[in-house]
2 protein chains.
Amino acid sequence: MVKITSCGLDFPTAPNLKKALAEAVDAGYAFICVPIAHPRYKRVITVEDHLGKVDFQALAFTRSDLLLSCQDWNNLVLGKTSEWIDLDSCDEKIRSHSEEVLNQEIMFATHLGLPAALIRLHGLEQTNLARFVCGKVSMENIGYQADFWFIVPMISPKVQADYYRSDVPESKSDENDTWHWWNNMRLTCASDRKIGLCLELSADLPSQDILNRWLGEPIKNLMIPTSLFLTNRKGFPVLSHAHQAFLKLCALQKIQLLLTGANRHSSYKHYVQYLEHVYQLAASGDDVSSYSKGFEDHLQIPLQPLMDNLESNTYEVFEKDPVKYTEYRHAIYQALVDRVPEDEADKNVQVVMVVGAGRGPLVNAALYAANSANRKIKCYAVEKNPNAIVTLYSLKAEEWGDKVEVVACDMRLWNPPEKCDILVSELLGSFGDNELSPECLDGAQMFLKDDGISIPCEYTSHLCPLQSHKLYNEAKHTNQEHRAHYTRFEMPYVVHQLNTFSIAPVQPLFTFVHPNKDPVKDNRRFKKLTFKIEQDSVLHGFSGYFDTVLYKDIRLSIVPKTYSTGMFSWFPIYFPIQHPISLKKGDELEVNFWRLINKKIVWYEWSVSKPVIVPIHNSNGRSHNIGLF
Amino acid sequence: MVKITSCGLDFPTAPNLKKALAEAVDAGYAFICVPIAHPRYKRVITVEDHLGKVDFQALAFTRSDLLLSCQDWNNLVLGKTSEWIDLDSCDEKIRSHSEEVLNQEIMFATHLGLPAALIRLHGLEQTNLARFVCGKVSMENIGYQADFWFIVPMISPKVQADYYRSDVPESKSDENDTWHWWNNMRLTCASDRKIGLCLELSADLPSQDILNRWLGEPIKNLMIPTSLFLTNRKGFPVLSHAHQAFLKLCALQKIQLLLTGANRHSSYKHYVQYLEHVYQLAASGDDVSSYSKGFEDHLQIPLQPLMDNLESNTYEVFEKDPVKYTEYRHAIYQALVDRVPEDEADKNVQVVMVVGAGRGPLVNAALYAANSANRKIKCYAVEKNPNAIVTLYSLKAEEWGDKVEVVACDMRLWNPPEKCDILVSELLGSFGDNELSPECLDGAQMFLKDDGISIPCEYTSHLCPLQSHKLYNEAKHTNQEHRAHYTRFEMPYVVHQLNTFSIAPVQPLFTFVHPNKDPVKDNRRFKKLTFKIEQDSVLHGFSGYFDTVLYKDIRLSIVPKTYSTGMFSWFPIYFPIQHPISLKKGDELEVNFWRLINKKIVWYEWSVSKPVIVPIHNSNGRSHNIGLF
């Protein structure tokens, strides 16, 4: 496959392929893009028979496959299909002929092992082309099939032409919005993962909203026409600030580039050098990515810490978070200072219970906070994982001594010798309550004095509607063998989201407060959220986040707008839906979310009730639930 | 289960169940409908705990199950849930309490083995109720679960109240259209087959279009209030002509009735006697149903006569069609008269080849026609099924003699000793070309003289968008073990459609003409059809039909508007779609249909491109295709 974050060079025609490749490589390009058909062969094929009796493969229409090694075909060449092909012509003969020719080219691209065949879209009407592509990508039990990447201009040629004409009113039809060209194709092809986008950068960029929507699409190549380049004082090609800014967003997703058009400067090599420079600038400004490298858009099943014991490795990764434990220290510090007046500092010993102590980071945070605040504490470290207990005992023996009591017990079963002032826990998941913090803390709060406090004292899950061809396909292809086909679309996934588009601003969902003073503790929830849709888009599910109040104004958040910078302990969560839903600008999207509980499990259900109705997902927790034991 | 086409009696309250049942049975009713909860128990349950620690089942809230035998509970009683229950109240306490109570009643209905629990819908907002119902019906691997039938008034109480007030403008909102109450519930519950309708007949009937839409829904009971009855001259209760007409349509679908309301005449028995009388009238006017009895809404996989040999039984059924062979006789008669002038009748011997002769009905038709027309013919009976050949030889030996030559051969392989004047075939399926008549006749037309004719000479498939909860569920539950889950929604089914609603008028699709004089014979087809939607509805797929010109104006048709009365050889075809689509009045529904061919198979693909995009169905014929061999 073509390398990621590399730049290719597009040739409108390549009579001498080896020469073209040598020139491109020489100028620093990683691959080339050439027409699949050779210009020598004008294929005015008379339609003799549609049933395949004439074997088109036998007709010479392009170069021999012997020209390059297999490895070079597989790594260095993208194939473009002939632009005159029109599978949706009103003329049945042209349509039929087009299909023969396209089939011939696609078969040959697949024969060569090219990573992808590129097809230029010319408008909305392409149902027959979609049917053709669908037929290729949905073939089961066959060998290799080249991917299909659709060349789509960022702005339609017609809109671009009208741009400087004041007499033409701005049109809002789907036909003029090239995103719909791609989207119609994608939806008709059942959102297959073998289709992608070759997005052609325009001279005038659309609004940031529209750019963001594109960035949520599977852009396999960003095509950059040489005509977009300006010339700097030294005579080298450079891009405008707007283009640079967009390019940097593409760099974060490691989108491959493809230079197209005639050389308008001294050499093709200066374009690629400049583009690499912009990409490097973007990478150097991206400090979070080192923690999340390798996790981009990779789906993980959420942890079930109540049912499973975490591994040493997991503890170690999370203990390294540079933000989380600092904030816990601040919170405990502030709580101790508030609870113990300066003049009682010597005699008042605050009892701190860390429930779910793991390998001790919160115990350390408490000791550190007490030391800084100059307050006395007695600390209990309660942990159910027998493997982590080994670490806790060793820490007690070597560092903590009498200040810490290690309790090897499930917090829901423990009978403590005394009540505590401060109950400290870190039981939150990416969606806040999804690792059953409410149930655990409702149980543990019996350890708490009447005026005792819980750190955290409050947390809220947040939700936002999501467009992501990528995540949807990741969910679709998770391995759920022997389970019902809907299962994969009825479970939340933890995922570092990159190739996604947030359709509307995040909204808060469910809030839990500790200690819970309600006479009847009901941790079930039901809420309907309404999102205003600002742009035509496709709903592939929902992003989930949380924020929490540890104590007073000390908070942790993975909600994008209030993100605790530098924190890496939580990736967002992704709730898929079974089938993508088309949304129109102005629509109201109404989403229903439930948190439900029976004697054994806790689970979420979700559905959409506007603008269309989507059946209840994960009914009875049939596909995913969180065990209480 | 409660008997089909029976009438029940509804009790608003039943303090003495045994007495109520005895009275109802005595008056001629087949079952009763009573509240599940007993009026004695006012359940002001304080919500103590939601987690099930208080077992509501243990609280007395209704009659003992010992009151009736299991068989009586199972056959004679429908249970109504309490009407004050509101699972979608804004008040969280009411919502929560409602859910406990509803759960208690449903569990008890299931415990008793009642066939269904009835829930009255009060409006559109019912997402939480839908989630509850979905949770019950989607339970896997459990025992018996009572069905859910939703009581929905045909006209909303609000609209009914405004009906006589000229100052209130007619409202078009979904809230006022009670069909949406049901439809929202159905869609949120994933169109499950365990949910149904209890439709409450209104005093003023809506337009026939709206009535037809209701008739496409799974009406389990038509509730008829006693207040709708008029009193005839003899003092007996009768219904208006409009109500009678609707009732007769219900009778065709054998919809069960449920009388409700106070007795306003001398005895309850006169209502049921009258209703039975109306049902009997409807049945006596329905002459087609005797042929199709037992096939109502029953899906069959279409025949593959090219790959499989038909059985004797199948031949026998089809040979009995009172219309088909009569029309073939007329067609052959007319063709013979046209081709042979009166004065050549003695010497001109027309060669008639029956291709696919089966057990000989078309040979008989040809001989009969020749006799009537007083023309001479020589007949070839070509048949590939070796079992049918036995019959043909015996007919030749016993009846036909020299007039008929039996040829045991696949028509595509036969090398005839002479060319024919008339090629007669009956290779059409419910969708016209779907049993590969085009391919067979394209091959067989080489037997035909240059001026020879084919009977049939033309046929056209027809399509119409369909709403049918019933058929969709039938397709969903066909047994396709070990095949992909989408398979069942990607194949056409032959089905006698009853519980369906045609969303828009039928349109012609693909036409084939014989003999095919095109230099290149291309039997592939692609057509986009646009249907104008006149009413909010749900698309569950498409109905397929065909009509054919045998000769000149002699036609056969199963298209509803031009149906060949009395013919029973073909039921329509049903093309499902994977997921129901909501359609709005004024929408344009754009459907794409393809007939595709490769060297081995013929298949259809279909998709919807407006108002929403539905992925290509049956790509590459992956779920269903028709073998050429």
Side-chain angles (χ1 to χ4, degrees), chain A residues 46-53 92 95-96 124-125 127-128 130-131 133-140 183-184 186-192 484-486 519-524 526 528 578-582 590 592 594 596-599 605 607-609 611-616 619-620 622, chain B residues 46-53 92 95-96 124-125 127-128 130-131 133-140 183-184 186-192 484-486 519-524 526 528 578-582 590 592 594 596-599 605 607-609 611-616 619-620 622:
Chain A
T46 47
V47 183
E48 284 287 326
D49 191 313
H50 297 278
L51 303 183
K53 280 175 205 151
E92 207 171 311
R95 206 170 71 209
S96 183
L124 271 183
E125 278 288 332
T127 315
N128 197 38
R131 194 266 312 154
V133 171
C134 193
K136 292 288 177 190
V137 297
S138 71
M139 287 249 218
E140 288 152 10
N183 188 46
N184 278 13
R186 172 247 305 280
L187 293 177
T188 315
C189 288
S191 304
D192 200 275
H485 66 93
Y486 49 72
V520 180
K521 286 170 193 52
D522 187 353
N523 291 322
R524 295 179 306 173
F526 167 42
K528 211 182 266 286
Q578 290 254 8
H579 305 281
I581 299 174
S582 291
E590 193 176 83
N592 310 283
W594 290 266
L596 296 162
I597 307 174
N598 68 22
K599 287 170 188 169
E605 298 188 15
S607 78
V608 172
S609 44
V612 293
I613 293 176
V614 163
I616 304 288
S619 186
N620 296 316
R622 64 180 182 180
Chain B
T46 47
V47 183
E48 283 288 326
D49 191 313
H50 296 279
L51 304 183
K53 281 175 205 148
E92 207 170 311
R95 206 171 71 208
S96 183
L124 271 183
E125 278 289 330
T127 316
N128 197 40
R131 194 264 314 153
V133 172
C134 193
K136 292 287 178 191
V137 297
S138 70
M139 288 247 218
E140 287 152 14
N183 188 45
N184 279 12
R186 171 246 304 279
L187 292 177
T188 315
C189 288
S191 303
D192 200 274
H485 66 92
Y486 50 72
V520 180
K521 285 170 192 53
D522 187 353
N523 291 323
R524 295 179 306 175
F526 167 41
K528 210 182 266 287
Q578 289 253 9
H579 306 282
I581 298 174
S582 290
E590 193 176 83
N592 310 283
W594 289 267
L596 296 161
I597 307 174
N598 68 20
K599 287 170 188 170
E605 297 188 14
S607 79
V608 171
S609 44
V612 293
I613 293 177
V614 163
I616 303 287
S619 187
N620 295 318
R622 65 181 182 180

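Convention: sequence-line order gives letters A, B, ...; per-chain numbering from 1.
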- Note on the structure: Cut-off 4.5 Å, heavy atoms of chain B, and the answer for A:Ser607 is side chain
- Item | Engaged part of A:Arg95 at the chain B interface, taking heavy atoms whose separation is under 4.5 Å | side chain
- For residues B:Gly135 and A:Asn620, report the shortest heavy-atom separation together with the two atoms involved. O-ND2, 2.5 Å
- Message: Nearest 0.5 angstrom please: A:Arg131 CZ to B:Phe526 CZ, how far?
- Response: 8.0 Å
- Main-chain N/O of A:Cys134 paired to B:Ser619 side chain as donor or acceptor, under 3.5 Å: yes
- Test side chain to side chain donor-acceptor pair (under 3.5 Å) applied to B:Asp192 - qualifying residues, sequence neighbours left out: none
- Query: What distance do B:Ile613 atom CD1 and A:Arg186 atom CZ have between them, rounded to the nearest 0.5 Å?
  - Reply: 9.5 Å
- Task: Would you mind checking which part of A:Leu596 comes under 4.5 Å of any heavy atom in chain B, side chain (CB onward), backbone (N, CA, C, O), both or neither?
- Result: side chain
- Task: Only counting residues at least two apart or in another chain, list the ones meeting salt bridge (Lys or Arg N to Asp or Glu O under 4.0 Å) with B:Glu590.
- Result: B:Lys528, B:Lys610
- Ranking A:Val614, A:Asn128, A:Asn184 by heavy-atom pairs under 4.5 Å to chain B gives rank one to A:Asn128
- Evaluate the ring planes of A:His579 and B:His579, with Trp represented by its six-membered ring, and classify them as parallel (under 30°), tilted (30 to 60°) or perpendicular (over 60°). tilted
- For A:Arg524 and B:Ser96, test the side chains for any donor-to-acceptor distance below 3.5 angstrom and give the result as yes or no. yes
